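Data block below; observations after.
In what follows, every chain begins at residue 1, and chains take the letters A, B, ... in the order their sequences are listed. Source: prediction; values computed, not measured.
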Protein chains: 2
Amino acid sequence: MNDLAKQFGANLRQVRKGKGISQDNLALLAEIDRSYIGRIERGEVNITLDKAYQLACALECDLVELLPPLSKA
Amino acid sequence: MNDLAKQFGANLRQVRKGKGISQDNLALLAEIDRSYIGRIERGEVNITLDKAYQLACALECDLVELLPPLSKA
DNA sequence: ATGTGACTGTTAGTCCGTA
DNA sequence: ATACGGACTAACAGTCACA
């Protein structure tokens, strides 16, 4: 998958670990299958906007935190 | 479609018009089908992360500008 | 607690046309 | 220049079993 997904996944994992919760827990919080969350973190899938929001919401963080830093022109 | 998509579409349209370019031109710039851009602006579809980036990039704007303002916890 | 293969259903995304 | 639709293909969404 592209760098975008990889970066997003890396950020997601970092925030998740920062909160001290497992993929399992996040799966429950975000109502997304655990195996799918794993794939997102590994940057294997190109998720849709609403999934990105679900995750940000479940982690109680700003979506901007999860987005790759290149989000500036 | 959900509010997320509607908001994104509204923002996209605003930025695009602000730059004074047509859906056709944006389609060429972002390499996204014109009819699909119309659907995005109308909030009919739930786009993927890379499309969101393509659009932000084509409009030479920060992705955050296109995202709904609720992007804060 | 996580990675991975295999799989199915659904939707993202394109192409072509009409108004 | 844009809205809207049909038909189509590629990709995502979502689940399970197993390591």
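- Expressed to the nearest 0.5 Å, how far CG of B:Asn46 lies from OG1 of A:Thr48 amounts to 4.0 Å.
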Distances for protein N/O vs nucleotides 5-11 of chain D N/O pairs under 3.5 angstrom?
from  : atom 1 : to      : atom 2 : distance (Å)
D:dG5 : N7     : B:Arg39 : NH2    : 3.0
D:dG6 : O6     : B:Arg39 : NH2    : 3.3

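- Residues from residues 25-34 of chain A with heavy atoms under 4.0 angstrom of DNA chain D, sorted by number: A:Asp33.
- To the nearest angstrom, P of D:dA1 lies 14 Å from CD of B:Glu41.
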Residue pair A:Leu55, A:Leu63: steps toward the side-chain contact (heavy atoms from CB on, under 4.5 Å) verdict: CA-CA 8 Å; A:Leu55 289 167; A:Leu63 176 56; over 6 Å; no
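- Applying the side chain to side chain donor-acceptor pair (under 3.5 Å) test to A:Arg39 and every residue at least two apart in sequence or in another chain returns nothing.
- The nearest whole Å value for the distance from the CG atom in A:Leu55 to the C1' atom in D:dC12 is 14 Å.
- Residues passing the side-chain contact (heavy atoms from CB on, under 4.5 Å) test with A:Asn25 are A:Ile21, A:Ser22, sequence neighbours excluded.
- Looking at residues two or more places apart in sequence or on another chain, you find a side chain to side chain donor-acceptor pair (under 3.5 Å) between B:Asp33 and B:Ser35.
- In this structure A:Ala58 satisfies the side-chain contact (heavy atoms from CB on, under 4.5 Å) test together with A:Leu26, A:Leu29, A:Ala30, sequence neighbours excluded.
- Note that CD of B:Gln7 and CG of B:Leu12 are 12.0 Å apart. Values are rounded to the nearest 0.5 Å.
- Residues satisfying the side chain to side chain donor-acceptor pair (under 3.5 Å) test with A:Glu44, not counting sequence neighbours, are A:Arg42.
- The side-chain heavy atoms of A:Glu65 and A:Asn11, taken from C-beta on, include no pair separated by under 4.5 Å.
- Residue pairs meeting the salt bridge (Lys or Arg N to Asp or Glu O under 4.0 Å) criterion with at least one member in residues 8-20 of chain B, sequence neighbours excluded, are B:Arg13-B:Glu41, B:Arg16-B:Glu41.
- With sequence neighbours left out, B:Asp24 forms a salt bridge (Lys or Arg N to Asp or Glu O under 4.0 Å) with B:Arg34.
- Think of the region where chain B sits on DNA chain C: with heavy atoms and a 4.0 Å cut, that region ends 5' and 3' at C:dA12 to C:dG17.
- A distance-only check finds a donor-acceptor pair linking the side chain of B:Asn2 to the backbone of B:Ala5 [under 3.5 Å].
- Of the two residues contacting DNA chain D, namely B:Asp50 and B:Ser22, the nearest-nucleotide position lying further toward the 5' end is that of B:Ser22.
- Separating the CG atom of B:Asp24 from the P atom of D:dA3 is a distance of 11 Å, rounded to the nearest angstrom.
- Looking at which nucleotide of DNA chain D each of B:Arg13 and A:Ile47 is closest to, the 5′-most match is held by B:Arg13.
- In the helix from C:dT2-D:dA19 to C:dA19-D:dT2, the end axes, each obtained as the rotation axis mapping the C1' atoms of four pairs onto the next four within a five-pair block, lie 40° apart to the nearest 10 degrees.
- Side-chain contact between B:Leu49 and A:Leu67 is present, with at least one heavy-atom pair separated by less than 4.5 Å.
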